[in-house]
Amino acid sequence: MSFLTLRGINKIYPNGFHAVHDFNLEIEKGEFIVFVGSSGCGKSTTLRMIAGLENISKGDFFINGERVNEKGPRERGVAMVFQSYALYPHMTVYDNLAFGLTLQGVDDDVIEERVNTTAKILGLTDYLDRFPRALSGGQRQRVAVGRAIIRKVDIFLMDEPLSNLDAKQRVTMRSEITQIHRQTGATTIYVTHDQTEAMTMADRIVVMKDGYIQQVGTPYDLYFNPVNMFVAGFIGEPPMNFIDAKVRDGKLNINGNIIDLYAIADKDIVNKYEGEELVLGFRPEAIKLCKNEDVRKAFKINCAVELTELLGDNTNVYVDIQGIKTILKVDPHDSPAINEELQFAIPFESVYLFDKATEKRIKFQLTAE
Ligand code: ADP
């Protein structure tokens with residue numbers, strides 16, 4: 001059994017709402033796990049059941065092999081950081097950090113040493129005498145994280161800890177939390193609706209939707225091998241493009257642009273979908289502009305440019321394929337003009353196919369050499 005085991009966990013709230021369905025997960029010691037999904041998908045509920053703040057309606061939760069369903073938050077040895085910093089406004093940073101230990105009756109000199117070490121890890125040494133009102137949002141959040149790590153627990157739970165920070169502070173705190181995790185080695189479960197946070201911080205990501213796990217995997221796995229359209233569309237920014245099309249004679253006809261599926265996938269697989277609707281998926285950043293390179297082993301598509309957004313490191317190009325809208329991501333130096341007609345190529349290895357009815361990915365071995 002792993003360090004943390006969630007087996008068949010369900011949450012049914014007293015009003016009858018079934019918020020989490022059959023949640024199964026094994027977490028190894030020291031892992032940084034991120035629960036990600038849109039608001040309301042059950043991330044916080046799951047985290048709160050792990051914390052012991054919410055009872056588990058059905059299923060079993062084990063820490064280190066011991067079933068802890070009935071144990072309270074303190075007995076589970078977890079520390080939680082919430083969205084709101086929940087600092088004591090009338091206490092200095094030092095006292096905010098020390099508070100939990102003082103309550104536990106820890107000796108003053110031990111407290112001092114732990115506060116100083118924690119402050120050092122978090123870059124708060126110069127702020128120990130300040131009150132929370134005299135700190136920036138990022139510094140306050142660091143104190144909140146400090147109050148959790150000072151307890152030296154094995155398990156950290158974080159619920160959208162960066163959502164009150166501005167964009168720049170979020171990026172800074174993201175890497176700080178990753179570094180703190182490296183230093184403390186504590187097993188961490190982190191909840192966010194932000195796929196960038198999930199991708200940049202996680203060892204493994206758990207993607208949730210409507211109370212169900214969609215996929216568990218490394219950031220690399222989820223990006224390159226999504227199991228369904230939800231995961232494919234959730235991970236990546238801008239999201240993957242999806243185009244519906246019917247298979248006829250093994251081909252998809254995207255408003256005059258022919259995608260010959262036999263060129264990429266085994267005949268058996270293609271034939272299985274003859275006459276059926278499929279969804280073609282490709283990432284905006286996976287395409288190549290044909291005017292730049294002679295792209296081989298790729299499907300070519302003609303389109304007209306509707307809008308461009310120069311972002312600095314790249315340009316998002318909104319194009320129209322005779323009525324079908326998609327987004328391409330190109331080098332800023334290649335930014336096309338509005339109304340320009342262009343041809344782009346989707347390399348064979350960047351083509352995804354989904355079953356339209358089930359939204360599941362259709363797996364195929366690329367046959368093209
Ligand atoms: P997330 O953290 O992914 O945004 P939550 O876990 O907070 O989602 O909520 C999951 C679902 O459970 C939501 O539909 C929410 O409205 C519902 N929910 C949360 N708390 C309660 C509650 N105490 N009673 C009934 N339903 C709740």
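Note that these values count all heavy atoms, side chains included, but never hydrogens, waters or copies made by symmetry. Whatever order the structure lists ligands and atoms in, that order sets their numbers, starting from 1.
Residue contact check for ligand 1: G42 places a non-hydrogen atom closer than 4.0 Å to it.
Near T45, the atoms of ligand 1 lying under 4.0 angstrom from a non-hydrogen atom of the residue are 5 (P), 6 (O), 9 (O), 10 (C). Of all the atoms in ligand 1, the ones that sit under 4.0 Å from a non-hydrogen atom of N15 are 25 (C). Near S44, meaning under 4.0 Å from one of its heavy atoms, ligand 1 places the atoms 1 (P), 2 (O), 6 (O), 7 (O).
Backbone and side-chain nitrogen or oxygen atoms of K43 are examined, and one is located within less than 3.5 angstrom of a nitrogen or oxygen of ligand 1. For ligand 1, the polar-atom distance check against F17 finds no nitrogen or oxygen pair separated by under 3.5 Å. Here's the thing with C41: one of its N/O atoms is less than 3.5 angstrom from an N/O atom of ligand 1.
K11 forms a cation-pi arrangement with Y13, by the criterion of a distance under 6.0 Å to the ring centre and an angle within 45° of the ring axis. Taking the centre and axis of the six-membered ring of Y262, the NZ or CZ atom of K251 falls outside the cone set by 45° and 6.0 Å. Relative to the six-membered ring of F348, K297 misses at least one condition, a distance below 6.0 Å or an angle of at most 45° to the axis.
Below 30°, between 30° and 60°, or above 60°: for F224 and Y220 the angle between ring planes is between 30° and 60°, a tilted geometry. A perpendicular orientation is assigned to the rings of F32 and H181, their planes being inclined by more than 60° (bins at 30° and 60°).
When hydrogens are left out, the protein atom nearest atom 4 (O) of ligand 1 is G40 N, 2.6 Å; that is the closest non-hydrogen contact. The nearest heavy-atom contact from the protein to atom 24 (N) of ligand 1 is Y13 CG, 3.3 Å.
Counting protein heavy atoms under 4.0 angstrom from atom 15 (C) of ligand 1 gives zero. In this structure, atom 26 (N) of ligand 1 has protein heavy atoms in its sub-4.0 angstrom surroundings.
Here L122 contributes atom CG and K120 contributes atom NZ; the two are 12.5 Å apart, rounded to the nearest 0.5 Å.
In summary, the aromatic rings of F282 and F344 are positioned with their centroids under 6.0 Å apart.
Y88 and L97 fall into different hydrophobic clusters, where Ile, Leu, Val, Met, Phe, Trp and Tyr residues are linked whenever their side-chain heavy atoms come under 4.5 Å apart, directly or through other members.
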